[in-house]
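Chain A is the first sequence line, chain B the second, and so forth, proteins listed ahead of strands; every chain is numbered from 1.
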Amino acid sequence: MDATPTTINRLCDHVGKSVTLSGWVYKTRSSGKVAFIVLRDGTGLCQCVLEKNEQTESFFGDVKKLAQESAIVITGEARAEERAVGGHELQATAVDIVDAAHDYPITPKPHGTEFLMERRHLWFRSQRQWHILRIRATVVDAIRRFFNDNKYVLIDTPIFAPAAGEGAQTLFEVDYFGDPVYLAQTGQLYVEAACMAHGKVYCFGPTFRAEKSKTRRHLTEFWMVEPEIAFASLTDVIDVAEEFICSIVQRVLKDHREELIELGRNIEELEAIKKPFFRLTYSEVADILHGPKAKELLENDLKVKTARIEELDGKIEELDAVAKSNVKQWQKDKAAAEVIEAREERSELQEQVTNIPHHMDLAANFEWGSDLGGSDETIISRLHDRPVFVSHYPRDVKAFYMRQDRDDARLVENFDLLAPQGFGEIIGGSAREEELDRLVARMEEEHLPQSDYEWYLDLRRYGSVPHGGFGLGVERTIAWLCGLKHIRETIPFPRMMGKFYP
RNA sequence: UCCCCGAUAGCUCAAUUGGUAGAGCGAGCGGCUGUUAACCGCUAGGUCGUAGGUUCGAAUCCUACUCGGGGAGCCA
């Protein structure tokens, strides 16, 4: 009987027929005369059953001993089986060992992040990482599709940039044949030039920021998509951002419901992401921070988290008792594993609880004129179940190219988008200053050398029009969509402060 | 740049609070025909991050350093 080569995700089309799968051993279990090999082939997982009989006797022993991540080609009959992952399994009749692996470091047991990050090149074979990177691929496709379908023209902006786009302290300097140039922090200035040629444009690529931030929200190399629209007001740009986020959320819900559930993401929360989003001004946000709602939220937090810590203390004590009592070994193991988990949750909560009074202080004493801090954003974001646009910040804390509010000279026409449930900022955008004189004056205030920006000022000399755009951080968006607490899992090979291996 | 926490077997963690270093997983060997983090038995595996100090005695206390984690500032 000839076997048809196929992949695990197509197994349902071959029930009752002989097929061949090529992949890697994800895990194995065996008894004396039957072995189960869970195979991983890049499209999914499949349990392969190997029984010891005349047909398999010659290789049964070798296959039974196959270690994790060994590469094999396996032939057998596909059949539906409720007990197996994915609902199908393979009754194996022949196994060809391509490469027998030894001592694969990442076991089905828990590992620490340092250990896993050092082995990132292997880690993303694991299910959870595999799901996340698949969702990333879809998010990237959804981004491109949104702009392409809406007739934006893709403009690739340079990575070697002669001058700063944002803060000058966060630049990576590179020696460019003896001259200093910088890795791009944004393509925005270039995309502004392009929108005067094409009307609606976007750039999409990696950006680099030498921020000395070791937090769960920061990478030194991350991907950003930046649309720019000619003849657009601030409201027009915000409308686009709203439509854009909705389209990404819908697409991920449509294509990856299973993966999101697997990752433990609350689906209802994502389904609630619909127009209209909340639109607040910076001044309104300042009022909220000073007001009773913010205080209540944090006070309630303090209560809930303190109660949870007490609950965990009780649980830890109970589990400890179980682990030391006279029960089966596996029950002890389970209890011990739960203790570790509970302790982790406890220490995280403890830190949050310690920070709450400080955050309350920051919110209550928030001064009009300073930028919103991380904790302030979290408060606003947590008070809303849909994303929140915050607009009209004080111009002193914002970039030189942002358009001055014509009704209130203290403000600029900018906005941030805060993802809900405390995830925080995923978009920053603005209307751009289109008047040459105002722009030059602002650059002088910031002590920016006009000579570096002559080309940019040309855009205001020859047919300058109102325009604007925004930048979306791809990794932060993925972290929010997947419900991940750390951004490092959203990119195949994360670059962080002090970390660039592998 | 600053603040907090951590480093014990290949991995994840213990060590009754200063008194001879332990378990599970993984690895090796053996057993088991339906397992799902399989199970059962045996074996091997450690200069307790580094360097000093306190002490009769240090994984445990002190100091410095290195590395890692979280946060502040700044940001997508």
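Looking at heavy-atom distances under 4.0 Å, R488(A) makes contact with sugar-phosphate atoms alone, never a base. Looking at heavy-atom distances under 4.0 Å, R216(A) makes contact with sugar-phosphate atoms alone, never a base. Across all strands shown, K398(A) has no heavy atoms under 4.0 Å from either base or sugar-phosphate atoms. Counting non-hydrogen atoms under 4.0 angstrom, H358(A) reaches nothing in the nucleic acid. At the heavy-atom level, S30(A) lies under 4.0 Å from base atoms of the strands shown.
Contact check of residues 78-89 of chain A against RNA chain B (heavy atom, cut-off under 4.0 Å) returns R79(A), E81(A), R83(A), E89(A).
Along RNA chain B, the nucleotide nearest R476(A) and the nucleotide nearest T113(A) are compared for position; the residue whose nucleotide lies closer to the 5' end is T113(A). Mapping D103(A) and G112(A) onto RNA chain B by nearest heavy atom places G112(A) at the nucleotide closer to the 5' end.
Listed by chain and residue number, D141(A), D255(A) satisfy the salt bridge (Lys or Arg N to Asp or Glu O under 4.0 Å) test with R251(A) (two or more places apart in sequence, or in another chain). The ring pair (Phe, Tyr, Trp, His ring centres under 6.0 Å) test applied to F204(A) returns W223(A), not counting sequence neighbours. Under the rule for a ring pair (Phe, Tyr, Trp, His ring centres under 6.0 Å), Y26(A) has no partner lying at least two apart in sequence or in another chain.
Within the structure, salt bridge (charged side-chain N to carboxylate O under 4.0 Å, His left out) contacts touching residues 44-69 of chain A (residues at least two apart or in different chains) are R40(A)-E69(A), E69(A)-R125(A).
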Inset, instruction - Determine which bases of RNA chain B form Watson-Crick or G-U wobble pairs with both distances under 3.5 Å, and write the result as a 5' to 3' dot-bracket string with | for other-strand partners. - result: (((((((..((((.....[..)))).(((((.......))))).....(((((..]....))))))))))))....

